[in-house]
Amino acid sequence: MAAMRMHTLSLLLVITLGSTARCAFHAIQHAGGESPWFPASEQYGISALLPDGCTVDQAAYITRHGSRYPEVDSFAGWAALHSKFQNSTFTAEGPLAFLPSWQLPLGDPTNQASFLSVTGAGEAFALGVDLRKRYGLTKGGESFTVWSASQQRVLDTASFWLSGYLSSGHYNTSALARIVSLPDSVNFTFANSLTASAACPNYVNNVTLSSNFRTAFRPSITSRLNMLLKGLTLTDSDIGIMMDLCPYQTEIAGSSPFCDVFTEDEWLQFEYSQDLQYYYGPGPGNPLAATTMFPLVKAITDLFALGPGKTIPNGSFVPPPLLMGFTHDNDIPPILAVLGLFNESFYAPLDPTRPNPARKFLSSFIVPFRGTVALERLSCAASSQLATSTAVDNLAGAAAGVTQFVRVKVNEAPVPIPDCVSGPGSSCPLMEFVSFVEARGNLAGDFVQRCGLSNVPNASSVLDFFTNPPS
């Protein structure tokens with residue numbers, strides 16, 4: 001009963017965080033990659049509802065692991081800050097009045113740090129339940145395979161997702177549930193991975209601009225808060241730790257007094273530092289980002305072109321119509337770079353010092369914990385809105401009078417594919433999408449060549465783990 005109550009509370013926290021509208025200001029929805037999961041707002045005015053006359057017959061979700069406890073190094077910062085408070089005799093006023101009695105939110109850091117939290121487990125379970133109900137692509141009793149990067153918190157996310165998707169009973173404990181664990185890219189996986197940037201020697205995750213922005217905005221906060229203290233002096237580094245504690249303590253304990261310490265403007269600055277981190281690190285601002293994840297997008301596109309229930313030539317496995325890949329935050333933005341999403345010329349590239357409030361690239365919408373990039377293959381009746389003007393009849397897997405389209409959703413919010421929005425709900429006709437991806441591949445370049453692997457034996461630019469999963 002105690003375990004069931006804990007699981008229920010975890011799910012309630014997921015639902016509460018996810019259902020809160022962004023129009024009311026909540027600090028944890030402006031914490032970038034540290035935000036617990038919540039659905040992104042519809043920035044382009046495209047409804048997330050399925051267009052009339054359309055069904056989804058294939059889908060692919062690339063999913064970040066669920067909310068986790070802090071990394072070991074981050075927790076060390078928390079502990080140092082706590083010791084600073086405990087070993088000082090000081091008074092604090094206003095929103096800092098809680099500091100003298102504040103306690104660390106982790107009870108067992110040795111076994112908790114870096115691992116999936118109860119909130120993360122609930123996020124993954126809830127997504128499994130949601131997608132089972134939403135698509136109905138798998139019959140009861142059918143086996144199901146998912147793919148996961150090999151770090152434990154990612155594998156645990158995949159496991160809890162399967163528990164929600166298959167139910168927590170017999171199906172999930174039998175051979176029907178299969179997790180294909182893919183090693184983080186090394187010198188024998190190359191592009192055939194969910195973490196391909198790790199196998200690209202020329203790839204550099206640039207954090208300089210985000211670090212510079214943090215250095216610029218923190219001192220004024222430090223000065224403001226030190227006016228509320230006597231006998232204790234906060235540093236700019238302390239401010240960074242305190243801002244990190246807001247989203248982490250919230251997802252661990254349900255709330256955090258640190259969220260109310262900072263103003264809305266200060267949280268927007270924090271969010272922009274995260275935007276810079278993910279845009280210029282693994283995102284569109286990194287010239288090799290698209291290179292590392294193009295093989296993944298190409299593999300999904302090839303399966304969409306074939307239709308459900310089929311595999312590629314020389315494929316040894318027919319993947320399920322719902323492809324699930326679980327990975328890390330830095331492996332989500334490269335997919336956006338491949339597809340040219342959130343990179344409109346009038347919003348991008350992001351200015352290193354001046355945030356544009358109208359920008360579309362918002363890390364809180366893109367890489368929260370358990371964040372997703374989803375590609376859906378829509379099968380639409382010929383009478384559907386705009387389903388006949390540019391679509392091609394008799395596509396692979398198409399029934400008579402039915403045409404296929406592709407749409408992309410980032411954390412539930414549809415995002416238009418550049419110059420390909422003529423289908424229902426601003427979707428892209430399937431064969432136009434195939435051509436679009438081919439053109440984007442020419443821009444991304446070959447993985448082996450651009451990563452500097454041309455002289456490495458057996459180096460490959462092909463991703464085929466969906467259709468030839470390793471044993």
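Geometric assessment of R132 against the ring of Y165 yields a positive cation-pi assignment under the 6.0 Å and 45° thresholds. Both tests pass for R178 against the ring of F317: distance under 6.0 Å to the centre and angle within 45° of the axis.
Proximity of a side-chain donor or acceptor of S159 to a complementary backbone N or O of L155 within less than 3.5 Å is not detected. Although no hydrogens or angles enter the test, the distance criterion places no donor-acceptor pair under 3.5 Å between the side chain of T327 and the main chain of A149. A donor-acceptor contact shorter than 3.5 Å is absent between the side chain of R407 and the backbone of E376. A donor-acceptor pair is defined here as one N or O able to donate and one able to accept, closer than 3.5 Å; no such pair exists between the side chain of S193 and the backbone of F190. Although no hydrogens or angles enter the test, the distance criterion places a donor-acceptor pair under 3.5 Å between the side chain of S47 and the main chain of L49. Within the 3.5 Å criterion, the main-chain N or O of L362 finds no donor-acceptor partner in the side chain of D275. S364 places a side-chain N or O within donor-acceptor distance of the main-chain N or O of G32, the cut-off being under 3.5 Å. In terms of modelled atom types and a separation under 3.5 Å, the side chain of T292 and the main chain of A196 share no donor-acceptor contact.
Inspection of the N458 and S460 side chains reveals no N or O donor paired with an N or O acceptor under 3.5 Å. The closest side-chain donor-acceptor pair between S117 and E251 falls under 3.5 angstrom. No hydrogens or angles considered: a donor-acceptor pair under 3.5 Å links the side chains of S316 and N468. Side-chain contact check for S363 and Q274: no donor-acceptor pair (N or O, by modelled atom type) lies under 3.5 Å. For the 3.5 Å distance criterion, the side chains of E438 and N442 fail to qualify, holding no donor opposite an acceptor. Under the 3.5 Å distance criterion, with hydrogens and angles disregarded, no donor-acceptor pair is assigned to the side chains of Q152 and R68. A donor and an acceptor atom, one from each side chain of D464 and N192, are located under 3.5 Å apart.
Surrounding NZ of K409 are more than 12 heavy atoms belonging to other residues, nucleotides or ligands, all under 6.0 Å away. More than 12 heavy-atom neighbours from other residues, nucleotides or ligands sit within 6.0 angstrom of CG on D265. When the shell of 6.0 Å around OH of Y44 is examined, it contains more than 12 heavy atoms from other residues, nucleotides or ligands.
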For the pair T250 and T119, evaluate side-chain contact (heavy atoms from CB on, under 4.5 Å) and give the outcome as yes or no after the intermediate values. CA-CA 10 Å; T250 297; T119 297; over 6 Å; no
Would you please test Y69 and R153 for side-chain contact (heavy atoms from CB on, under 4.5 Å) and show each step? CA-CA 10 Å; Y69 298 110; R153 61 189 181 227; over 6 Å; no
For Q449 and S454, run side-chain contact (heavy atoms from CB on, under 4.5 Å): C-alpha distance rounded to whole Å, both residues' side-chain angles, the deciding distance at 0.1 Å, then the answer. CA-CA 5 Å; Q449 292 179 356; S454 297; 4.1 Å; yes
Before you tell me yes or no, could you show the steps for V437 and V297 under side-chain contact (heavy atoms from CB on, under 4.5 Å), namely the whole-Å CA-CA distance, both residues' side-chain angles and the distance that decides it to 0.1 Å? CA-CA 8 Å; V437 170; V297 175; 4.2 Å; yes
What do the steps show when you test R64 against E123 for salt bridge (Lys or Arg N to Asp or Glu O under 4.0 Å), and what is the final call? CA-CA 11 Å; R64 184 190 180 188; E123 290 166 342; over 6 Å; no
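Between H65 and H328, the ring planes lie perpendicular to each other; the angle is over 60°, past the 30° to 60° tilted range. Classified by interplanar angle (parallel below 30°, tilted 30° to 60°, perpendicular above 60°), the ring pair W161/F144 is tilted.
The residues R450 and D446 are annotated as not salt-bridged, no charged nitrogen and carboxylate oxygen being separated by less than 4.0 angstrom.
Heavy atoms only, all atoms of each residue included: S426 and I46 are closest at CB-CD1, 3.8 Å. The two residues I417 and V406 come nearest to each other via the heavy atoms CD1-O, 3.9 Å. In plain terms, the two heavy atoms of P349 and Y279 that are nearest each other are CA-OH, 3.3 Å. Across all their heavy atoms, P368 and N411 have their closest contact at CD-ND2, 3.3 Å. The two residues L131 and M324 make their nearest non-hydrogen contact at CD1-SD, 3.9 Å. Taking each heavy atom of L453 and F447 in turn, the nearest pair found is CD1-CE2, 3.7 Å.
Inter-residue side-chain proximity for F217 and F270 is flagged as met; some heavy-atom pair is nearer than 4.5 Å. For the pair S197/N205, no side-chain contact is recorded, criterion being any heavy-atom separation below 4.5 Å from C-beta on. In this structure, the side chains of L463 and F294 stay at 4.5 Å or more apart for every pair of heavy atoms. Between T208 and Y280 the shortest side-chain heavy-atom distance does not fall below 4.5 Å. At least one side-chain heavy atom of W267 sits under 4.5 Å from a side-chain heavy atom of C246. Side-chain contact between L182 and P470: present, with at least one pair of heavy atoms (C-beta onward) separated by less than 4.5 Å. Within the 4.5 Å cutoff, side-chain heavy atoms of L322 are placed close to those of Y61. For the pair L303/T467, a side-chain contact is recorded, criterion being any heavy-atom separation below 4.5 Å from C-beta on.
Rounding to the nearest 0.5 angstrom, the gap separating the CZ atom in R377 from the SG atom in C54 is 12.0 Å.
Aromatic rings from F213 and Y272 are positioned such that their centres are separated by under 6.0 Å.
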